[in-house]
Amino acid sequence: MRRVWAIVAVVVALLSIVALVLICNANHKESLEQAPEVEYNGIVAEYSGEGVCEVLVDMGYVKASSTTITNIRIINRSSAPLVLLDYSTQCRCMWLNLNREPIAPGDKCDIELYFDSRGEWGSVGNFMEITTSNETSPVVLWIGAEVESGM
């Protein structure tokens, strides 16, 4: 009889552990779903898939002979996946770190814009065109910076 009670006690203990794990997982899932999104401190561009998506990028004051990185988040508000294929610019002082993975509708992608101020001074303006999987709807970055004198 003692052996039966011992087995019953072990089964009850195991069922209690399983119930506790299930409750903890459910609470953890709810807390993840309710967690607010972390604030994003970069530039946000909402891509609609209709026409040109223009983005103003003010890099502010930049030290002479330095490289500055600005983060840009592109949110795909279109109804089709978006791929950032390539970019073109007239200035070798600016380049992008593009993620070429498809961005699902409603999803977002972060890219980095680099500006090397060597050889630049005063007000600097440029633009970059990012070709996308929707050939009639590129992303255009209008970029401005004020390079401080190196003296």
Side-chain angles (χ1 to χ4, degrees), residues 12-151:
V12 168
L14 287 174
L15 288 174
S16 298
I17 291 171
V18 168
L20 185 61
V21 167
L22 291 174
I23 290 169
C24 288
N25 282 341
N27 289 340
H28 180 69
K29 184 178 177 184
E30 284 178 17
S31 68
L32 287 177
E33 291 172 353
Q34 295 172 357
E37 188 170 327
V38 176
E39 185 176 327
Y40 181 72
N41 291 326
I43 296 167
V44 176
E46 296 198 15
Y47 180 87
S48 69
E50 298 176 12
V52 177
C53 175
E54 294 183 285
V55 183
L56 296 176
V57 181
D58 181 3
M59 299 183 92
Y61 287 95
V62 176
K63 291 184 180 183
S65 298
S66 68
T67 300
T68 303
I69 302 171
T70 300
N71 295 309
I72 302 167
R73 173 168 285 171
I74 298 179
I75 302 172
N76 184 4
R77 299 286 186 213
S78 73
S79 59
L82 169 68
V83 180
L84 306 175
L85 299 173
D86 205 356
Y87 68 92
S88 61
T89 183
Q90 300 299 312
C91 179
R92 287 184 275 174
C93 62
M94 294 183 189
W95 65 95
L96 291 173
N97 181 10
L98 284 182
N99 180 347
R100 291 179 170 88
E101 295 294 318
I103 309 166
D107 230 352
K108 60 190 172 240
C109 172
D110 294 337
I111 60 175
E112 295 173 324
L113 168 65
Y114 292 82
F115 172 54
D116 183 350
S117 65
R118 286 181 289 183
E120 305 291 336
W121 65 90
S123 294
V124 176
N126 200 355
F127 74 94
M128 299 178 105
E129 182 173 332
I130 303 172
T131 54
T132 69
S133 51
N134 179 348
E135 59 190 44
T136 62
S137 188
V139 175
V140 174
L141 307 177
W142 297 98
I143 306 157
E146 188 70 33
V147 180
E148 297 174 344
S149 76
M151 296 180 187

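From a predicted model like this one, the values you see are computed outputs, not experimental measurements.
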* Step-by-step side-chain contact (heavy atoms from CB on, under 4.5 Å) determination, F115 to V124 -> CA-CA 10 Å; F115 172 54; V124 176; 4.2 Å; yes
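The shortest non-hydrogen separation linking S66 to V62 is OG-CG1, 3.7 Å. The two atoms that bring S123 and E146 nearest to each other are OG-OE1, 2.6 Å, heavy atoms only. Contact between V147 and W121 at its shortest, heavy atoms only, is CB-CA, 3.9 Å. Between E120 and C91 the shortest heavy-atom distance is OE2-SG, 4.2 Å. Across all non-hydrogen atoms, the minimal contact from Q90 to N126 is N-OD1, 4.3 Å. Residues P105 and S78 share a closest heavy-atom pair of CB-O, 3.3 Å.
Atoms CD1 and OG1, from I143 and T89 in turn, are 6.0 Å apart once rounded to the nearest 0.5 Å. Going from atom CG of D110 over to atom CD1 of I43 covers 12.0 Å, rounded to the nearest 0.5 Å. Atoms SG and CG, from C109 and L98 in turn, are 8.0 Å apart once rounded to the nearest 0.5 Å. Distance check: E50 CD to S79 OG gives 8.5 Å after rounding to the nearest 0.5 Å. The distance from atom CG of N99 to atom CD of E101, rounded to the nearest 0.5 Å, is 5.5 Å. In this structure, CG on L82 lies 12.0 Å from CD1 on I75, to the nearest 0.5 angstrom.
Checking each of R77, R73, K108 against E46 for a side chain to side chain donor-acceptor pair (under 3.5 Å) leaves exactly one that passes, namely R77. Exactly one of V140, I111, I130, L141 qualifies for a side-chain contact (heavy atoms from CB on, under 4.5 Å) with Y87. That residue is I130.
Using a distance-only test at 3.5 Å, with no hydrogens or angles considered, a donor-acceptor pair links the side chain of T132 to the main chain of S137. The closest donor-acceptor contact from the side chain of N97 to the backbone of E112 lies at 3.5 Å or more, if one exists at all. Using modelled atom types, one side-chain atom of S117 and one backbone atom of S65 make a donor-acceptor pair closer than 3.5 Å. With hydrogens and angles ignored, the 3.5 Å screen pairs no side-chain donor or acceptor of N71 with any backbone N or O of G42.
Listed by first and then second residue, the ring pair (Phe, Tyr, Trp, His ring centres under 6.0 Å) pairs that reach into residues 54-86 come to none, sequence neighbours excluded.
Within 6.0 Å of CD on E129 lie more than 12 heavy atoms contributed by other residues, nucleotides or ligands. For R92, the CZ atom is loosely surrounded, since the number of other residues' heavy atoms within 6.0 Å does not exceed 12.
When only modelled atom types and interatomic distance are considered, S88 and D86 share no side-chain donor-acceptor pair under 3.5 Å.
The shortest distance between side-chain heavy atoms of V83 and P102 falls below 4.5 Å.
Using bins of under 30°, 30° to 60° and over 60° for the plane-to-plane angle, the ring pair W142/F127 lands in the tilted bin.
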